[in-house]
Novice: 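Have a look at this one.
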Amino acid sequence: MARSGVDPYGEAVRLLAREASRLLEEKGATIEEKPEYLVSPPPRPEYGDLSFPAFRLARPLGMKPVEAAKLLASRVSAASTGTVVGRVEPVGGFVNVFLNAGELARRVFEAARTLGEGFGRVPTEKPLRIVIEHTSANPVHPLHIGHARNAALGDALARLLEARGHVVQRRFYIDDMGRQVAVLAYGMMKLSERGGPTEPRGKPDHWIGLVYAVTHTLVDIRTTRRMLEEAREAGDEERVRELQEELDDLVGAAAELRERDSQLFDTLADAIMADEDPEETIARITRAYEFGEDWAVKLVRGAVEKCIEGFRETLEGRLGIRFDKWDWESDLVWGSLVGRLLEEARKSPYFALHKEAEALDFKHLQRDPEVRERLGLPETLEIPPLILVRSDGTTLYTTRDIAYSIYKFRDFNADRVINVIAAEQRLPQLQIRLALIALGYRREAYNMIHYAYEMVNLPGVKMSGRRGRYVALDSLIDAAVQKAGEEIAKRNRELGEERTREIARQVGVGAVKYALLGVNAAKPMVFNLDDTLNFERNTAPYIQYAHARASKILAKAGGEIPWGDVDYSAAEGHPARRRLLVEASRFPYIAAKAADELRPELVVEYLNGLAEIFNTWYPQDPVLAETDRGARAYKLGLVYLVKTVLRNALGLLGIPAPEEM
RNA sequence: GGGCCCGUAGCCUAGCCAGGACAAGGCGCCGGCCUUCGGAGCCGGAGAUCCCGGGUUCAAAUCCCGGCGGGCCCGCCA
């Protein structure tokens, strides 16, 4: 049971659910749903603050719906002494509950006053150790808006779970062994051979992104040219036309890239065009790095570190998203982890050769009913075998990720691991969990969650990291912060330049995060900067603005809230005032639910509603002009409550709440 | 070919898992409020075959079956 007093609203919900359960229990009856799920705020105010559809109990209890409602209502009423539950009414098949606003206010004010920043934290009955791996972008180009969705989600989940009392560790996986990194390293190698620049100009990840795109495009041009010649010799007209088209595209992309830095481009072009076989050199880098050869380690780490430095600037410096651990994929390989994993795999009954490569075959495992249920496998899905080792002896990303999955559990002694990873990686993520089961890591497999999110698109932008066609997250943040600064300057000239700049940062960054968190992760989204920066409703600035206004009212009232003067009878009577209280008091319940269901968007939806109700209320029921001493104190308490909730809820999303803006 | 996800007013989003009372909020549009605690605001209005068709149920946006449309995935890439 949650500590009493931290969530009075939730206690009312649970009281209603508990009485329903008891009623069923006494009759030896059951229903499928958890009764708590059936409690909901009714659609209209005359139906009260909470309702329960007693229809559901009628059949199991062998009664008519109306009778069941009457019976439950009388039970709830009898159990309500000393709680926030007030009037209880059976209406049709529903039981409607009106909260006792005065009592609710007394308890919620008390909680907000004593808990402060901790208001809204409802400790879970079962605290877990949870690892959240998120963002983990390829270290070859700057972060873009899709990574921002990943980062915003991962960070919000971490904050939500921490608020629920779990122990959370945030990790970033540096994938430095992929082909893309080898391509980048190849470019860096050529630059250094030719005496070109090897240190970033400007922000390091942006510069790295350019080197990568130039290198990749030039290598592709070489490869395509060679294939074109071969096709010509073979007289394959169709193929020639296809490749010619591809080559034209590549040359176009190259021209765009050259405009960004002609010296860099020309240096790389000369070097790569002179190289006998770039692909072979890239493969050599991959092998040498995997086997930890000195020259390759220096080369690759040097390049990747630069990119990571840029990531940190954006994530930690600008977005306030911090990590506890930065894990290098290569460390897993150079240490014994991946090697040991492969040994285990070779001993596994699921080990098989697939196209002559070492692999795990899931044909039999995927039919296991328990496995199917726990992993949610569709019946007719054939899961392809997972190849573990390339024929040249190097490992594959998925293989290393299996080792990493085990490592994440071990290193933190974790009960659960949540991976925030793009939805397009569903199959490999599933294969990893199957592999864990195949190798005897059943507990890990069942407690590893792929938190999938869909792509983010920018209107009219087609992105490609390999071609250097992307909008960097940094420039979106810049635009958001700049627009925020303009808006603030327009409306509040008393802040001063430095304070304006700081608040603009909080507002601009908040707007971007809020927009990314407001949409369910399973939905592909279009990120429209104009909408985000519109700063009207359903945006962070709208919420932050409500918070600033609440802060200002309290500041004008001067000093401490006279809690001792509060007249709780002022809670009833004024409909908007009452509604605001009830809505604000729902926060701890919402925060707990959002954490348990891993759904930050619930907090966003809630904030939209609360800010709106606050803005509706305060012009029609002025606080400072209130002459009755007890009522004035009550209203100040209410403003304090709302301010606390707005600030803490934004905090769960990693969004700051400025006192003024 | 198979699998996963999405489909709610002109546009964006919530509600769907756990079925209930006239389907909620925003943008945009139309009309009011230059209201004393901050107009990034407030009030009012128009606007919805909840993709389609069956089924289950006292009750379906929600569950089941069959379609349609869109996205993604089925590499010795990551």
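We name chains A, B, ... by the order of the sequence lines, and we start the count at 1 in each one. Since we're looking at a predicted model, the values are computed, not measured.
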Novice: With the stacking rule set at 5.5 Å and 30°, tell me whether Phe55(A) counts as stacking on A59(B).
Specialist: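 According to the criterion (under 5.5 Å, under 30°), no, Phe55(A) does not stack.
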Novice: Does Ser391(A) make a side-chain donor-acceptor contact with the base of C76(B), cut-off 3.5 Å?
Specialist: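 Looking at the base of C76(B), it does pair with a donor or acceptor on the side chain of Ser391(A) (distance under 3.5 Å).
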Novice: Under 4.0 Å, counting only non-hydrogen atoms across every strand here, what does Lys593(A) touch: a base, just sugar-phosphate, or nothing?
Specialist: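 Base contact.
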Novice: Does Phe94(A) lie flat on the base of G20(B), that is, centres under 5.5 Å apart and planes under 30° off?
Specialist: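 So no, this residue does not stack on that base, at least one cut-off failing.
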Novice: Between Arg59(A) and C58(B), is there a contact of a side-chain N or O with OP1 or OP2 at under 4.0 Å?
Specialist: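 Yes, Arg59(A) has a side-chain N/O under 4.0 Å of OP1/OP2 on C58(B).
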Novice: Less than 5.5 Å between centroids and less than 30° between ring planes, does Tyr47(A) satisfy that with A21(B)?
Specialist: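 So Tyr47(A) counts as stacking on the base.
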Novice: Of the listed nucleotides (G19(B), A40(B), U13(B)), which one gets closest to any side-chain atom of Val507(A)?
Specialist: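 That would be A40(B).
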Novice: Looking at Arg56(A) and G20(B), is any side-chain donor or acceptor paired with a base atom of the opposite kind under 3.5 Å?
Specialist: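 For Arg56(A), whose side chain was compared with the base of G20(B), there is a donor-acceptor pair (under 3.5 Å).
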Novice: Side-chain N or O of Arg537(A) versus OP1/OP2 of C42(B): is the shortest distance under 4.0 Å?
Specialist: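 Yes.
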Novice: May I ask you to establish whether Lys643(A) and Tyr640(A) are in a cation-pi arrangement, using a distance under 6.0 Å from NZ or CZ to the six-membered ring centre and at most 45° from the ring axis?
Specialist: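 Pair Lys643(A)/Tyr640(A) does not count as cation-pi.
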Novice: Classify the ring geometry of Phe614(A) against Trp617(A): parallel below 30°, tilted from 30° to 60°, perpendicular beyond 60°.
Specialist: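 The arrangement is tilted - the two ring planes meet at 30° to 60°.
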Novice: Contact class for Ile488(A) (heavy atom, under 4.0 Å): base, sugar-phosphate, or nothing?
Specialist: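 If one applies the 4.0 Å heavy-atom cut-off, Ile488(A) turns out to touch a base.
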Novice: Side-chain N or O of Lys523(A) less than 4.0 angstrom from OP1 or OP2 on G71(B)?
Specialist: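 No, Lys523(A) has no side-chain N/O under 4.0 Å of OP1/OP2 on G71(B).
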Novice: Please compare Pro524(A) and Ala484(A) by the position of their nearest nucleotide in RNA chain B and report the one closer to 5'.
Specialist: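 Nearer the 5' end of the strand: Pro524(A).
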Novice: Quantified in whole Å, what is the P atom distance between nucleotide G19(B) and nucleotide C58(B)?
Specialist: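 Result for the P pair: 15 Å, nearest Å.
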Novice: Both distances under 3.5 Å, Watson-Crick or G-U wobble: report the partner of C76(B), or none.
Specialist: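 Pair assignment: C76(B) / none.
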Novice: Over how many whole Å does the gap from Arg549(A) atom CZ to U35(B) atom P extend?
Specialist: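 From Arg549(A) CZ to U35(B) P: 13 Å.
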Novice: Check every strand shown and say whether Asn520(A) touches a base, only sugar-phosphate, or nothing at a heavy-atom separation below 4.0 Å.
Specialist: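 Here Asn520(A) touches the backbone only, sparing every base.
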Novice: Is Tyr542(A) near enough to C42(B) that one of its side-chain N or O atoms lies under 4.0 angstrom from OP1 or OP2?
Specialist: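 So the side-chain polar atoms of Tyr542(A) do come within 4.0 Å of the phosphate oxygens OP1 or OP2 of C42(B), strictly under.
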Novice: Can you find a donor-acceptor N/O pair under 3.5 angstrom joining the side chain of Asn492(A) to the base of A40(B)?
Specialist: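 No pair found.
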Novice: Quick one: is Arg390(A) getting a side-chain N or O under 4.0 Å of the C77(B) phosphate, OP1 or OP2?
Specialist: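 Answer is yes, contact under 4.0 Å.
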Novice: What is the nucleic acid contact for Met525(A), judged by heavy atoms within less than 4.0 Å: base, sugar-phosphate only, or nothing?
Specialist: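 Nothing, no nucleic acid heavy atom in range.
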Novice: Identify which nucleotide among G19(B), U13(B), G25(B) has an atom closest to any side-chain atom of Glu605(A), counting heavy atoms from C-beta outward.
Specialist: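 Minimum distance to the Glu605(A) side chain belongs to U13(B).
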Novice: Under 6.0 Å from the ring centre and within 45 degrees of the ring axis: does the NZ or CZ of Arg87(A) meet both conditions for the six-membered ring of Phe98(A)?
Specialist: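 Yes, Arg87(A) lies over the aromatic ring of Phe98(A).
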Novice: Have a look at Asn96(A) and say if it touches a base, only the backbone sugar-phosphate, or nothing, with a 4.0 Å heavy-atom cut-off.
Specialist: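 Base contact - Asn96(A) has a heavy atom under 4.0 Å of at least one base atom.
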Novice: Quick one: is Tyr37(A) getting a side-chain N or O under 4.0 Å of the A18(B) phosphate, OP1 or OP2?
Specialist: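 So the side chain of Tyr37(A) is outside the cut-off, no N or O lying under 4.0 Å from OP1 or OP2 of A18(B).
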Novice: Mind checking if Glu601(A) touches a base, just sugar-phosphate, or nothing, with heavy atoms under 4.0 Å?
Specialist: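 Answer is nothing: Glu601(A) stays at 4.0 Å or more from every strand.
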Novice: Taking only side-chain N and O atoms of Ser51(A), does any of them lie within less than 4.0 angstrom of OP1 or OP2 on A21(B)?
Specialist: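 The answer is no; no side-chain N or O of Ser51(A) sits under 4.0 Å from OP1 or OP2.
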Novice: Is there a side-chain contact between Lys34(A) and the phosphate of A18(B), meaning an N or O under 4.0 Å from OP1 or OP2?
Specialist: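 Looking at the OP1 and OP2 atoms of A18(B), neither is under 4.0 Å from any side-chain N or O of Lys34(A).
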Novice: For the side chain of Arg426(A), starting at C-beta, report the closest nucleotide among A21(B), C5(B), C27(B).
Specialist: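 Side chain of Arg426(A) sits closest to C5(B).
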Novice: Need the pair for G44(B). Rule: Watson-Crick or G-U wobble, both distances under 3.5 Å, any strand; none if unpaired.
Specialist: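 Across any shown strand, G44(B) pairs with C30(B).
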Novice: Does the base of A40(B) carry an N or O that pairs as donor and acceptor with the side chain of Thr539(A) under 3.5 Å?
Specialist: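 Absent.
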Novice: Could you check which nucleotide pairs with G69(B) in any of the strands shown, counting Watson-Crick or G-U wobble with both distances under 3.5 Å?
Specialist: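 Here G69(B) is engaged in a pair, and the nucleotide opposite it is C6(B).
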Novice: Could you check whether Asp392(A) gets within reach of a base, just the sugar-phosphate, or nothing at all, counting any heavy atom under 4.0 Å?
Specialist: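 Touches nothing.
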